[in-house]
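Working notes for the structure below.
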Amino acid sequence: MVVTRFAPSPTGYLHVGGARTALFNWLCARQAGGTFILRIEDTDQKRNTPTAAQQVMDDLRWLGIQWDEGPEVGGPNGPYLQSQRMDIYDKYIKKLLEENKAYYCFDTTDELDAFRKEAEAQKRSFSYPRPQEFPGESDVEKAKAQGRDVTVRFAVPQDVPLEITDIVRGEITFAPGEIGDFIIQKSDGFPTYNFACVVDDYLMKITHVIRGQEHLMNTPGQQALWKALFGDSQLPKYAHMSVTISDSGGKLSKRERPKTLRNAIKARQEIEAGKLTEVAGIAPEELESFIKGKATPDMPAIDAMAEYLGIGLPEINIVDFFKSGYLPETMVNFLALLGWNPGDNREIMPIGELIESFDLSRLSKANSLFDRKKLLSFNMEHIKMTPPEKVLEHFRAYLKTVNSPVNSAEDELLSKIIKLCEGTRTLVDMERKSRFLFLDNNEIQYDEKAVKKVLLKSDGLAVLAIVREKLAAMEQLTEQGIEDMLRSLAEEKQVGLGKVAQPLRVAICGTTVSLPIFESVQMLSKENTLARIDITLKKFAAEN
RNA sequence: GGCCCCAUCGUCUAGGUAGGCCUAGGACACCGGGUUUUCAACCCGGCAACAGGGGUUCGAAUCCCCUUGGGGCUACCA
């Protein structure tokens with residue numbers, strides 16, 4: 001029986017890196033017909049935000065990564081929030097203390113820093129100086145009385161090399177003494193990650209620990225702790241995946257979005273500080289310190305400012321990709337292929353195929369760059385291959401969050417629009433192309449370049465006037481009828497179809513980009529088309 | 001600084017565990033051409049890599065060593 005888990009700490013939105021970790025664990029479990037557990041590692045009271053766990057769960061659900069055990073679904077190994085498992089951790093800490101496998105410490109931060117500095121000066125790795133004799137309960141009382149913090153450290157075996165076996169990296173040996181005694185209980189009574197993780201993995205009977213390479217150095221210590229607590233029973237297999245790097249340079253991190261925004265604000269000649277603080281809902285001082293690089297406001301504030309300034313921020317969180325019009329199917333497929341492949345030339349794969357082909361032994365060792373251009377291409381392929389009703393569902397969800405007028409369309413019309421959008425790369429593009437259909441005739445925004453190029457140059461307005469008359473003369477607007485009319489007009493004028501179609505397009509949409517023109521006119525209706533042409537002719541006649 | 005991991009086209013990667021099937025395959029991007037009612041899409045063609053240096057071997061992308069480069073960790077964060 002395979003049991004895997006995803007164990008995020010609820011500090012914010014689900015990040016692409018975290019999503020990839022979750023996905024690999026989920027795929028591994030599904031492939032083997034095993035169990036996938038979601039566990040929330042909320043042991044750091046300072047960093048946790050109340051809504052983060054909910055957000056992470058929403059994002060996982062959007063991706064289609066459903067957990068078999070965990071918050072909201074329950075299971076036999078709960079509770080699944082570490083903050084609710086304190087009594088369990090206390091029990092094992094006590095056991096370790098009693099068996100002399102762990103000991104109390106009373107150091108201050110300054111004292112610890114001094115140790116570390118000394119180690120670095122001597123060009124050796126830092127390892128906590130274990131006392132000859134472990135302090136007893138009376139020492140704890142004394143320390144507390146003095147107002148010192150009390151922590152508990154695990155006594156890592158120092159006389160033997162620590163060996164781990166990793167599915168992707170093979171055998172790794174750490175020299176004796178290399179891994180120092182680490183803290184397992186903080187002075188606030190909470191367990192540290194390295195401790196809670198081991199206890200829970202054992203209790204939840206995890207068979208495969210699949211996580212990022214950043215945890216590789218924690219593994220020898222965790223394994224030693226496991227052996228001290230539970231012997232060799234149920235030792236899980238480890239797989240440390242490569243990490244994902246951003247295509248804009250460094251590590252793919254949450255800091256990228258604030259960084260991009262900050263640079264954009266700095267690049268502006270004039271900063272509309274008042275307006276910015278207003279849309280972001282932050283104090284002027286906060287904005288100032290953000291621009292100086294000293295502090296970072298919350299994500300919603302960052303997003304609001306970016307939207308106000310009209311700048312696109314690099315997508316980092318799963319929700320960012322949703323807002324940029326990507327399908328969850330795309331994200332799952334793309335993320336799965338970052339550091340894994342099925343061993344043949346397949347790339348675009350539906351989820352079922354991914355599950356079927358998944359194999360931990362095919363994880364790659366090298367770090368990979370997140371290539372958004374390739375992601376875009378994947379999205380187009382998935383929009384093409386995903387069942388239309390599913391795309392409709394995704395499109396609706398997207399339209400709702402951006403509050404688009406397109407959302408007022410009936411399912412039938414929306415389906416038609418989706419069909420006409422074949423080859424479109426994102427839902428954002430779909431919305432842009434079809435938006436004009438749902439605006440009032442006088443709400444059309446005319447793109448300056450489009451007007452110049454299509455209407456004012458050559459005889460665009462004159463052609464438009466002719467098109468208007470021909471359309472007016474048509475009893476009923478059908479796609480075929482519109483096409484025939486435009487084609488014959490083009491032929492008559494000895495020009496390409498573009499010359500007659502583009503002025504019409506700009507007249508009804510305001511831009512040169514929209515759904516195919518025949519269908520556009522037909523869907524818009526004769527009445528609205530004529531009205532928009534009249535508005536256009538009137539508006540730009542003077543300028544010609 | 002210390003410890004650990006990694007290294008094939010610009011990018012994701014196949015091939016590496018069992019050395020010859022590799023004059024290194026695919027995909028995205030890019031370039032050229034075609035098609036076209038816009039943006040896309042679509043079709044055809046092209047460019048492009050085994051980080052460097054030593055070994056081992058009849059033979060190395062594949063095994064070993066060194067160098068260089070990249071990444072991670074080095075918290076009372078996870």
Side-chain angles (χ1 to χ4, degrees), chain A residues 7-11 41-44 46-47 82 105 107 109 112-113 116 119-127 149-153 166 168-170 172-175 178-180 182-194 196-197 211-220 240 242-243 245 247 250-251 334 337-348 361 364-378 380 384 421-425 429 432-433 450 454 483 486-487 490 496-502 504-506 509 511-518 520:
Chain A
S9 67
T11 54
E41 309 218 324
D42 54 348
T43 54
D44 185 357
K46 289 182 287 288
R47 292 209 316 166
Q82 289 188 327
C105 291
D107 313 86
T109 312
L112 252 18
D113 282 348
R116 289 196 191 93
E120 191 166 339
Q122 291 176 190
K123 299 191 178 194
R124 58 176 174 80
S125 44
F126 168 74
S127 154
D149 286 341
V150 179
T151 57
V152 177
R153 272 178 202 267
D166 187 274
V168 337
R169 285 158 219 285
I172 303 164
T173 306
F174 297 83
E178 195 56 56
I179 308 296
F182 54 91
I183 292 182
I184 55 177
Q185 186 175 50
K186 301 184 252 185
S187 58
D188 62 3
F190 276 81
T192 58
Y193 159 74
N194 276 315
C197 168
R211 59 198 351 181
Q213 196 203 84
E214 64 270 22
H215 292 292
L216 191 56
M217 297 297 282
N218 291 144
T219 310
H240 288 92
S242 55
V243 300
I245 318 285
D247 58 1
K251 195 181 163 193
F334 188 79
L337 255 34
L338 235 42
W340 176 83
N341 69 80
D344 47 44
N345 283 337
R346 281 178 298 163
E347 287 204 325
I348 302 295
S361 72
S364 63
K365 299 176 188 176
N367 292 168
S368 47
L369 227 72
F370 193 91
D371 182 359
R372 289 188 173 80
K373 287 205 172 136
K374 187 154 185 168
L375 178 70
L376 219 41
S377 150
F378 266 50
M380 185 199 79
K384 273 188 199 167
C421 280
E422 162 133 10
T424 297
R425 304 165 86 114
D429 290 345
R432 268 196 210 125
K433 283 175 153 190
V454 178
E483 173 164 6
L486 289 173
R487 283 198 193 281
L497 188 52
K499 284 281 181 225
V500 297
Q502 284 301 78
L504 176 58
R505 190 189 302 278
V506 175
C509 324
T511 74
T512 52
V513 178
S514 81
L515 298 173
I517 191 68
F518 316 134
S520 290

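Every chain is numbered from 1, with letters handed out A, B, ... down the list of sequences.
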Taking the same atom, [atom1], in [N] and in [M], what whole-Å distance lies between them?
N      : M      : atom1 : result
A24(B) : A41(B) : P     : 29 Å
C22(B) : U8(B)  : C1'   : 12 Å
A49(B) : G1(B)  : C1'   : 35 Å
G54(B) : G59(B) : P     : 15 Å
G71(B) : C30(B) : P     : 26 Å
G32(B) : G72(B) : C1'   : 43 Å
U56(B) : C31(B) : C1'   : 43 Å
G20(B) : A61(B) : P     : 10 Å

Classify the nucleic acid contact of [X] as base, sugar-phosphate or nothing, counting any heavy atom under 4.0 Å across all strands shown.
X         : answer
Ile179(A) : nothing
Arg169(A) : sugar-phosphate
Glu347(A) : base
Thr511(A) : nothing
Gln502(A) : sugar-phosphate
Phe190(A) : nothing
Gly170(A) : nothing
Ile172(A) : sugar-phosphate
Lys384(A) : sugar-phosphate
Ser368(A) : sugar-phosphate
Glu178(A) : sugar-phosphate
Asp107(A) : base
Asn218(A) : base
Ile517(A) : base

Indicate whether OP1 or OP2 belonging to [N] is found under 4.0 Å from a side-chain N or O atom of [X].
X         : N      : value
Thr192(A) : A78(B) : no
Arg116(A) : C76(B) : yes
Arg47(A)  : A78(B) : no
Thr11(A)  : A78(B) : no
Lys186(A) : C77(B) : yes
Asn341(A) : A14(B) : yes
Arg425(A) : A41(B) : yes

| said: Return whichever of Asp344(A) or Glu483(A) has its heavy-atom-nearest nucleotide of RNA chain B closer to the 5' end. | reply: Asp344(A)
| query | Start at the 5' end of RNA chain B and walk down; is the nucleotide closest to Phe174(A) or to Glu422(A) reached first? | reply |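 Result: Phe174(A).
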Between [atom2] of [N] and [atom1] of [X], the distance in whole Å:
X         : N      : atom1 : atom2 : value
Leu369(A) : A7(B)  : CG    : P     : 16 Å
Arg153(A) : A75(B) : CZ    : C1'   : 10 Å
Phe182(A) : A75(B) : CZ    : C1'   : 13 Å

| Looking at C28(B), does its base get a donor-acceptor pair with the side chain of Lys373(A) below 3.5 Å? |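 When only heavy-atom distances are counted, Lys373(A) does not reach the base of C28(B) through any donor-acceptor pair under 3.5 Å.
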| message | Base of C3(B), side chain of Ser125(A) - is there a donor-acceptor contact under 3.5 Å? | response | no
| Do NZ/NE/NH1/NH2 and the carboxylate oxygens of Asp188(A) and Lys186(A) come within less than 4.0 Å? |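 Judged by the 4.0 Å cut-off on N to carboxylate O distance, Asp188(A) and Lys186(A) do not form a salt bridge.
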| message | Regarding Asp44(A) and Arg47(A), does a basic nitrogen lie under 4.0 Å from an acidic carboxylate oxygen? | response | yes
